Novice: 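Below you'll find the structure I mean.
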There are 2 protein chains.
Amino acid sequence: MDEIDRTIVNLLRADGRTSYAELARRVGLTAPSVQDRVVKLERNGVIAGYKAVIDSEAIGLGITALIGIIPDNSADHQDICERLRAIPQIESCYFLAGVECYQLKVRVPKMADLERLIHRVGAIPGVAQTRTTITLSTKWEDRQQPIPMDGDDHGVD
Amino acid sequence: MDEIDRTIVNLLRADGRTSYAELARRVGLTAPSVQDRVVKLERNGVIAGYKAVIDSEAIGLGITALIGIIPDNSADHQDICERLRAIPQIESCYFLAGVECYQLKVRVPKMADLERLIHRVGAIPGVAQTRTTITLSTKWEDRQQPIPMDGDDHGVD
DNA sequence: GATGGTCCGGTCGATCTCGTCCACTAGACG
DNA sequence: CGTCTAGTGGACGAGATCGACCGGACCATC
């Protein structure tokens with residue numbers, strides 16, 4: 001994970017379809033060596049994959065909401081987690097330090113879907129209470145900050 | 001936005017580097033027509049871009065936190081929004097219906113960075129109070145749910 | 001301290017696939 | 001009947017990918 005790797009990662013974060021040839025030009029290497037580095041970054045888990053960024057509204061998912069979950073004492077977190085994972089509308093799931101120990105980001109086409117979803121989450125054993133907040137607008141999302149260059153490679157190549 | 005477009009979008013959401021030739025094989029068209037569809041989807045804003053998915057911890061951003069912002073009466077939301085946008089560590093920013101009218105998702109290398117960040121956000125004019133929650137673990141993030149097939153194309157294409 | 005083997009990361013060249021442009025065609029619509 | 005749209009097929013340049021080769025770093029041996 002040297003300076004060249006960081007540049008490659010930054011370029012691929014900005015545009016995941018950048019060709020190896022283009023990356024090679026940017027970092028001053030040849031295409032095969034860049035490909036070699038990218039393959040290694042993928043194997044190390046630094047690059048976890050590539051995604052097209054889709055406009056949620058354009059595909060009919062116009063409503064975004066955040067749902068906080070307050071568990072009860074009997075909560076089996078393994079079980080809760082699996083049941084949450086089985087709900088496709090939950091796009092993100094964070095385990096938090098606080099009373100609301102989970103926060104979910106969900107997207108649905110219509111308010112009725114959100115209501116159904118809240119009931120489904122609330123019915124999970126171990127869930128004492130949920131607290132839902134509608135997002136009125138997404139100012140931005142998944143913006144990428146520059147990779148901190150602290151020399152700390154966290155043991156990953 | 002027909003069935004073929006939806007398939008293309010789903011394939012690109014799963015793997016943003018899928019070649020046009022491969023997409024063509026999957027949907028039963030030729031590469032040029034697939035490319036044509038993809039270009040149109042990009043122009044319509046359905047496909048907003050392509051990103052490599054990076055493991056935050058591997059690049060030294062081991063700490064994720066959620067920060068809620070409670071504004072005061074004098075709050076100029078345009079101004080707050082711009083000042084928030086200027087802070088690179090804020091990866092997502094949602095405008096919410098509730099007392100905490102913004103929620104930020106931030107990532108930093110160390111706790112000290114988070115502390116500095118919280119002070120910086122709290123110092124923005126119009127911000128009365130912030131409430132920060134550390135994420136202990138990210139169960140999953142930015143998962144893609146299947147595109148709802150309700151025939152509602154929302155006026156796009 | 002010099003020597004030789006090995007490993008790692010890179011270059012180069014060949015080949016195959018892919019991307020992309022253009023001309024042409026079939027069906028839908030007014 | 002003309003036009004518009006979406007797709008096909010071919011041609012050509014660019015990119016991806018593989019194998020062979022090269023040079024420096026490192027290490028054990030002499």
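Values in this document were obtained by computation on a predicted structure and should not be read as measured data.
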Novice: Spell out, as yes or no, whether a donor-acceptor pair under 3.5 Å connects the side chain of A/Q145 to the backbone of B/R107.
Specialist: yes
Novice: For residues 111-124 of chain B, which residue pairs pass the side-chain hydrogen bond (donor to acceptor under 3.5 Å, both in side chains) check, not counting sequence neighbours?
Specialist: B/D113-B/R116
Novice: Which pairs pass side-chain hydrogen bond (donor to acceptor under 3.5 Å, both in side chains) with one or both residues in residues 121-136 of chain A, sequence neighbours excluded?
Specialist: A/E100-A/R131
Novice: Ignoring backbone atoms, establish whether A/K40 has a side-chain N or O less than 4.0 Å from OP1 or OP2 of C/dC8.
Specialist: no
Novice: So, B/Y102 versus B/Y94, ring centres under 6.0 angstrom or not?
Specialist: no
Novice: Between A/Y20 (OH) and C/dC12 (C1'), how many Å, whole number?
Specialist: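 To the nearest whole Å, that distance equals 19 Å.
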Novice: Determine whether the aromatic ring centres of residues B/Y50 and A/Y50 are separated by less than 6.0 angstrom.
Specialist: no
Novice: Can you measure B/D2 atom CG to C/dA28 atom P for me and round it to whole angstrom units?
Specialist: 15 Å
Novice: Grab the CD-P distance between A/E22 and D/dA16 for me, whole Å please.
Specialist: 10 Å
Novice: Near DNA chain D, counting only heavy atoms under 4.0 Å, which residues of residues 27-37 of chain B show up?
Specialist: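 Nucleic-acid contacts, sorted: B/L29, B/T30, B/P32, B/S33, B/R37.
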Novice: Using heavy-atom distances to pick each residue's nearest nucleotide on DNA chain C, tell me which of A/I4 and B/A21 is more 5'.
Specialist: A/I4
Novice: Rounding to a whole Å, what distance do you find between B/D5:CG and D/dG7:C1'?
Specialist: 14 Å
Novice: Quick one: is C/dC18 close enough that its OP1 or OP2 comes under 4.0 Å of any side-chain N or O from B/R25?
Specialist: yes
Novice: B/L61 versus B/I54: any side-chain heavy-atom pair under 4.5 Å?
Specialist: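 Counting from C-beta outward, B/L61 and B/I54 never come under 4.5 Å.
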